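Please read the structure below before turning to the comments.
Count residues from 1 along the sequence. The model shown is predicted, which means the values in this text are computed figures rather than measured ones.
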Amino acid sequence: MGPPQDHSYKRRRIDADETPSSGRQPSSLSAASAKPARFKPTAARDWTISVAVPTSVITDCVTREQRTTWAGRIARACAVFSVDEIVIYDDSPVESRPASTDHEGYTGDVDPAHFLEHLLNYLETPPFMRKLLFPMHPNLRSQGLLPNLDMPHHPYKGEWMPYREGLTLEAQPKGGKGTVVDIGLEDTVTIDEELPPKTRVTLKMPVGEYGSPEPVHPAVPRTEGGYFWGYTVRKAATLSDVFTQSPYEEGYDLSIGTSERGQSLHRAFPEHKEANFTHLIVAFGGPRGLEYAAMNDPELSKIGIHGPRTKELFEHWVNVLPNQGSRGIRTDEAMLIALTGLRRLWDNS
């Protein structure tokens with residue numbers, strides 16, 4: 001989520017018996033004093049949903065504004081469907097890629113993977129901390145065209161959530177120990193851990209009026225609290241790297257490739273029940289499909305995976321909208337259609 005930061009703090013510091021007499025200050029926002037958020041937790045989950053999107057979705061764009069709105073549509077689809085990971089993979093011919101790129105300049109036309117990663121991370125980051133974590137950059141010149149994602153970790157002021165995202169500040173805490181954290185409210189909070197400034201941290205908020213927020217792993221709101229807590233973004237140099245560089249130890253145990261030459265969703269998943277998986281990934285192709293990505297992947301070429309054999313990379317090869325009324329379906333449209341049809345695999349409510 002956002003720029004790489006160290007959030008691996010999970011030490012319990014709150015004593016359940018602490019009272020005002022112990023010197024603990026009242027929390028500026030408690031479950032009793034704040035209005036409840038509109039988001040309700042589901043069952044805690046360790047399973048995840050990932051999507052893979054190619055860089056070619058913006059290579060045909062002519063203007064900065066077109067590329068920016070593309071990033072916004074990808075992010076919006078992933079937010080609405082609670083996608084946990086976005087993989088941006090390069091499907092261009094390897095020999096056509098620049099040897100080096102100046103990432104301090106505009107990259108939408110020379111390094112689309114970096115451009116999409118930059119904007120997707122920007123959008124995932126809670127708005128109140130963007131100015132500090134994302135300095136002025138040519139990629140963000142048209143950021144006014146980007147949509148609001150309004151995910152659970154982007155709460156409104158005065159809205160109660162059992163978890164919040166925070167950004168550590170340079171300010172000296174009262175008492176001299178710990179770290180001051182901005183959590184998007186009028187008042188900052190102090191945690192016992194001492195962390196460097198401009199570190200993004202996930203906090204578990206105290207339930208009662210007294211207590212301190214507790215830094216936790218960023219996956220905890222999902223795995224323990226049952227909240228969708230935004231997405232991570234990673235780049236893959238090729239289609240095969242989407243799988244070989246998976247952040248999950250056992251990789252993806254359910255993979256779905258989308259193609260106009262695939263089976264309908266009804267045929268691929270005839271039973272109307274949730275699927276059994278831990279990490280699911282749905283891969284989308286660009287204007288020339290996943291076959292184009294396979295053709296430009298040196299590792300897949302070595303083993304003869306290209307053209308019709310591209311489907312061998314996936315457990316399921318699906319056509320998200322048979323008998324379509326337009327010659328082509330854009331990738332952002334395919335994402336919305338596919339995630340709508342596939343959602344019953346993990347949520348049949």
Side-chain angles (χ1 to χ4, degrees), residues 1-5 7 37-39 48-55 57-59 61 63-89 103 106-109 111-157 159 161 163-167 182-184 198-202 218-219 221-222 227-236 247 282 284 330-336 339:
M1 300 173 170
Q5 303 289 344
H7 315 234
R38 70 173 305 277
F39 296 102
T48 62
I49 306 297
S50 301
V51 299
V53 181
T55 56
V57 296
I58 65 169
T59 52
C61 294
T63 67
R64 179 195 310 268
E65 291 77 14
Q66 288 175 335
R67 298 183 185 101
T68 298
T69 55
W70 252 106
R73 289 197 293 267
I74 293 170
R76 185 69 186 163
C78 292
V80 168
F81 286 95
S82 303
V83 170
D84 304 296
E85 181 196 31
I86 306 175
V87 188
I88 303 299
Y89 69 92
H103 288 166
Y106 179 68
T107 58
D109 52 353
D111 190 347
H114 174 268
F115 177 81
L116 288 171
E117 178 192 40
H118 193 173
L119 267 65
L120 291 171
N121 275 325
Y122 174 84
L123 280 166
E124 189 280 335
T125 300
F128 75 89
M129 62 175 73
R130 289 174 182 168
K131 189 173 291 186
L132 283 177
L133 292 182
F134 292 86
M136 292 182 64
H137 191 283
N139 285 348
L140 298 172
R141 197 165 294 166
S142 299
Q143 56 87 21
L145 298 173
L146 295 170
N148 290 325
L149 299 191
D150 282 336
M151 294 181 285
H153 66 301
H154 295 189
Y156 298 147
K157 287 186 177 181
E159 188 177 54
M161 286 290 287
Y163 302 90
R164 290 188 85 97
E165 290 294 292
L167 187 68
D182 181 2
I183 58 172
K198 295 185 180 181
T199 298
R200 180 174 165 179
V201 61
T202 302
R222 168 175 57 83
Y227 289 95
F228 167 58
W229 210 245
Y231 54 75
T232 59
V233 186
R234 70 177 174 96
K235 296 187 297 182
V282 186
F284 297 91
R330 297 198 318 253
T331 304
D332 60 322
E333 296 168 338
M335 289 178 66
L336 293 170
L339 292 172

Next item on the list: Check Thr202, Asp182, Ile183 against Glu165 for a side-chain contact (heavy atoms from CB on, under 4.5 Å) and give me the one that passes.
Entry: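 The passing option is Thr202.
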Check: Just one of Leu120, Asn121, Leu119 clears the side-chain contact (heavy atoms from CB on, under 4.5 Å) bar with Glu117, so which one?
Finding: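 Per the side-chain contact (heavy atoms from CB on, under 4.5 Å) rule, the option paired with Glu117 is Asn121, out of Leu120, Asn121, Leu119.
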[atom1]-[atom2] distance between [X] and [Y], expressed to the nearest 0.5 angstrom:
{"X": "Arg64", "Y": "Phe115", "atom1": "CZ", "atom2": "CZ", "value": "8.0 Å"}
{"X": "Glu333", "Y": "Phe284", "atom1": "CD", "atom2": "CZ", "value": "12.0 Å"}
{"X": "Met151", "Y": "Arg76", "atom1": "CE", "atom2": "CZ", "value": "9.5 Å"}
{"X": "Arg222", "Y": "Tyr163", "atom1": "CZ", "atom2": "OH", "value": "12.0 Å"}
{"X": "Tyr231", "Y": "Leu149", "atom1": "OH", "atom2": "CG", "value": "5.0 Å"}
{"X": "Asp109", "Y": "Thr59", "atom1": "CG", "atom2": "OG1", "value": "11.5 Å"}

Counting C-beta onward and ignoring hydrogens, is there a side-chain heavy-atom pair between [X] and [Y] closer than 4.5 Å?
{"X": "His118", "Y": "Leu140", "answer": "yes"}
{"X": "Leu339", "Y": "Val80", "answer": "no"}
{"X": "Pro247", "Y": "Glu85", "answer": "yes"}
{"X": "Tyr227", "Y": "Met161", "answer": "yes"}

To check you understand the geometry: which heavy-atom pair defines the closest contact between [X] and [Y], and what is its length?
{"X": "Glu65", "Y": "Ser142", "result": "OE2-OG, 3.7 Å"}
{"X": "Gly108", "Y": "Ile58", "result": "O-CD1, 4.1 Å"}
{"X": "Arg200", "Y": "Glu124", "result": "NH1-OE1, 2.9 Å"}
{"X": "Thr48", "Y": "Asp84", "result": "CA-OD2, 3.2 Å"}
{"X": "Val51", "Y": "Cys78", "result": "CG2-SG, 3.7 Å"}
{"X": "Ala77", "Y": "Leu336", "result": "CB-CD2, 3.7 Å"}

Identify each donor-acceptor pair in which a side-chain atom of residues 129-138 lies under 3.5 Å from a protein atom, sequence neighbours left out, and give them as a table.
residue : atom : partner : partner atom : Å
Arg130  : NE   : Tyr122  : O            : 3.0
Arg130  : NE   : Thr125  : O            : 2.9
Arg130  : NH2  : Leu123  : O            : 3.0
Arg130  : NH2  : Thr125  : O            : 3.2
His137  : ND1  : Asn139  : N            : 2.9
His137  : NE2  : His103  : O            : 2.7

Margin query: Pair Ile86, Leu116 - check side chain to side chain contact (heavy atoms under 4.5 Å, CB included), show working.
Written below: CA-CA 10 Å; Ile86 306 175; Leu116 288 171; over 6 Å; no
Check: Cation over ring, Arg67 on Trp70, under 6.0 Å and within 45°?
Finding: no
